[in-house]
Amino acid sequence: MKKLLTSLCLFATFALAACGTSNTSSASSKEEGSSSVEGTSSVVENTSSTKAAKDTYQFEGKIEEEGSYASYINGAYLLTLDAEGKSTLDKYAFSSYDASPAATNTSYSAAFMVGTWKEVTKKGLDCLQIKLAFDNGSNAKTYYAYESEGEYSFDLTAPLSKGSSFTRTAEMTGKKGSLYANADAFIQAYKKEFVEPENVLKVESLENDGAAYFQKDGNVLIYVATSNIASGTYKKTATSLTLTIDDEKIPVTLSATKGSFKYEYNLAGYNTIELEFEFPIADFAKIPETEEGETLPEGVLVELEDGVNDATLTFNKDKTYTIKIAFAGHGTFTVQEGTWSFANYTVTLAPSSGNPYNSSVSEEGQFIVATHITWGGGSVDKDLSFSASQTIIGTFMQA
């Protein structure tokens with residue numbers, strides 16, 4: 001899972017560029033209006049005096065957004081200014097929901113950026129001059145943190161990954177001394193607990209750590225790990241289920257034993273993740289129907305029709321059944337009754353007189369109950385065949 005999340009983070013960074021969501025402008029400092037770039041002459045310090053570093057300071061800040069890419073963007077930052085004049089910025093990607101110790105936490109990046117710092121007087125005001133860059137020297141910037149009532153602050157231009165030009169702005173606040181005893185305490189302060197979306201059915205993918213959450217209101221959410229990568233709707237009838245995601249219809253294949261569907265997630269053209277979902281056919285009954293159907297009488301589980309012979313097979317919840325035939329001009333009569341049972345995806349009917357017989361599933365995926373009826377002293381002698389989608393098996397499994 002962690003390996004997948006790491007890969008997704010890299011691809012999501014590229015995806016942000018393709019979607020135009022990057023912010024390449026430098027963050028504004030509280031005092032100057034812009035941060036100076038290391039190694040350029042765009043900012044000239046008006047420093048009347050400098051002091052040797054001796055105190056220590058610590059700052060914190062975070063980026064937190066909503067949306068599909070939020071889990072790849074969000075992060076908390078811990079900036080430490082030590083007594084030797086070194087500045088170290090650590091990053092914790094809290095939306096990974098990994099709160100393990102810093103030493104083994106792949107979502108925690110120690111020394112995400114490093115640099116130097118010193119106390120200076122700039123334009124007559126005492127402040128902290130902080131320089132930060134990646135360990136390869138890229139994206140170097142200079143910031144000035146000013147004090148107000150014991151608290152220091154500045155706006156950090158936070159790259160989304162090392163060497164990336166795609167940034168967000170994090171407001172950093174701090175004070176003299178330490179905010180946290182160690183990195184583990186910092187992680188605990190910002191950790192998040194993943195709460196699964198409310199659902200009537202959760203279906204997990206066979207690989208790639210995917211999950212589909214079917215909700216009561218007809219919505220379906222697709223996740224990879226803890227990231228909501230797609231949302232859509234579903235339509236369900238008694239015999240079918242179809243998803244619509246990004247205006248694309250995704251049919252769900254239903255068999256006697258399971259339901260299945262596939263979804264491909266494209267990261268702005270840079271990578272495609274294929275998710276294949278399966279669920280037991282019994283779970284089909286957990287998803288509410290979104291289109292109104294005929295309301296069955298109380299106590300009735302399922303009704304099947306033989307339209308050719310104008311016959312109805314009724315399965316009752318008390319495990320009894322009846323077969324009735326409507327005779328034009330003469331009314332409707334019960335021609336067979338008995339009890340039914342279910343095992344191994346097969347319904348067995350046991351007439352009150354005669355031999356038991358079983359349901360079957362055709363090659364076309366139809367659930368079929370076929371029987372021969374002799375009734376009324378031989379006045380009725382015919383074969384009856386009742387059929388429905390094999391998804392109806394899920395209803396028997398739930399009974």
Side-chain angles (χ1 to χ4, degrees), residues 23 25-38 43 45-47 49-65 73-95 99 102 105 107-135 139-160 162 167-192:
N23 173 13
S25 62
S26 300
S28 299
S29 69
K30 299 289 185 182
E31 176 70 16
E32 299 302 316
S34 65
S35 300
S36 65
V37 180
E38 184 78 10
V43 175
E45 293 184 23
N46 179 16
T47 305
S49 65
T50 62
K51 304 174 185 178
K54 58 181 180 179
D55 293 318
T56 63
Y57 298 83
Q58 206 164 60
F59 291 76
E60 65 181 336
K62 70 174 180 178
I63 297 170
E64 188 167 19
E65 298 181 2
I73 295 172
N74 294 346
Y77 299 88
L78 179 64
L79 173 64
T80 301
L81 310 182
D82 69 17
E84 284 70 44
K86 181 180 179 181
S87 58
T88 304
L89 181 76
D90 300 338
K91 178 183 177 180
Y92 169 48
F94 52 78
S95 289
N105 192 323
S107 298
Y108 186 78
S109 300
F112 181 71
M113 299 186 77
V114 295
T116 60
W117 76 277
K118 60 184 177 181
E119 297 175 345
V120 302
T121 301
K122 185 175 176 62
K123 294 184 178 180
L125 296 174
D126 292 339
C127 61
L128 306 177
Q129 181 193 73
I130 304 165
K131 298 183 179 182
L132 288 170
F134 290 128
D135 50 17
N139 287 47
K141 295 185 184 298
T142 301
Y143 306 93
Y144 294 92
Y146 291 87
E147 182 268 340
S148 175
E149 298 181 353
E151 181 178 84
Y152 290 81
S153 62
F154 71 96
D155 288 341
L156 170 71
T157 300
L160 301 184
K162 287 193 174 185
T167 62
R168 293 294 187 271
T169 300
E171 182 179 358
M172 304 292 291
T173 59
K175 66 176 185 178
K176 187 180 296 186
S178 297
L179 298 174
Y180 298 97
N182 51 40
D184 291 342
F186 174 64
I187 289 174
Q188 291 304 308
Y190 282 91
K191 68 179 181 181
K192 294 181 67 176

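Here OG1 of Thr121 is found 4.0 Å from CG of Asp126. Values are rounded to the nearest 0.5 Å. Annotation: the span from Ser109 atom OG to Leu78 atom CG amounts to 12.5 Å, rounded to 0.5 Å. Distance CG/Leu128 to OH/Tyr146: 10.0 Å, rounded to 0.5 Å. For the atom pair OG1 of Thr80 and CZ of Phe59, the computed distance is 10.0 Å after rounding to the nearest 0.5 Å.
Under the 4.5 Å side-chain criterion, counting only non-hydrogen atoms from C-beta, Leu156 is in contact with Leu89. Residues Tyr143 and Thr157 form a side-chain contact, since some pair of their non-hydrogen atoms from C-beta on lies under 4.5 Å apart. Counting heavy atoms from C-beta on, the side chains of Lys86 and Thr116 never come closer than 4.5 Å. Between Tyr92 and Lys62 there is no side-chain heavy-atom pair separated by less than 4.5 Å. By the 4.5 Å heavy-atom criterion applied to side chains, Ile73 and Ile63 are counted as neighbours. In this structure, the side chains of Lys131 and Ser87 stay at 4.5 Å or more apart for every pair of heavy atoms. Taking the side chain as every heavy atom from C-beta outward, Phe154 and Cys127 never approach each other to under 4.5 Å. Two residues are said to be in side-chain contact when any heavy atoms from C-beta on lie closer than 4.5 Å; Lys141 and Leu132 fail this criterion.
When all heavy atoms of Ser153 and Thr173 are compared, the closest pair comes out as CB-CG2, 4.2 Å. Closest approach of Gln188 and Ala99 over heavy atoms only: NE2-O, 3.2 Å. In terms of heavy atoms, Lys175 sits closest to Gly150 at CB-O, 3.9 Å. Closest of all the heavy-atom pairs between Ala145 and Ile130 is CB-CD1, 4.2 Å. Scanning all heavy atoms of the two residues, the minimum distance from Asp55 to Lys176 falls at OD2-NZ, 3.5 Å. Listed here is the closest heavy atom pair of Ala83 and Thr56: N-CG2, 3.6 Å.
Phe186 meets the ring-ring contact (aromatic ring centres under 6.0 Å, His included) test with Tyr180, Tyr190; sequence neighbours excluded. In terms of the ring-ring contact (aromatic ring centres under 6.0 Å, His included) criterion, Tyr108 has no residue partners (sequence neighbours excluded). Tyr77 meets the ring-ring contact (aromatic ring centres under 6.0 Å, His included) test with no other residue; sequence neighbours excluded.
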* To do: Run the numbers on Asn105 and Lys191 for side chain to side chain contact (heavy atoms under 4.5 Å, CB included), then give the verdict.
  => CA-CA 12 Å; Asn105 192 323; Lys191 68 179 181 181; over 6 Å; no
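Side-chain atoms of Lys91 come within 3.5 Å of backbone N or O of Leu160 as a donor-acceptor pair.
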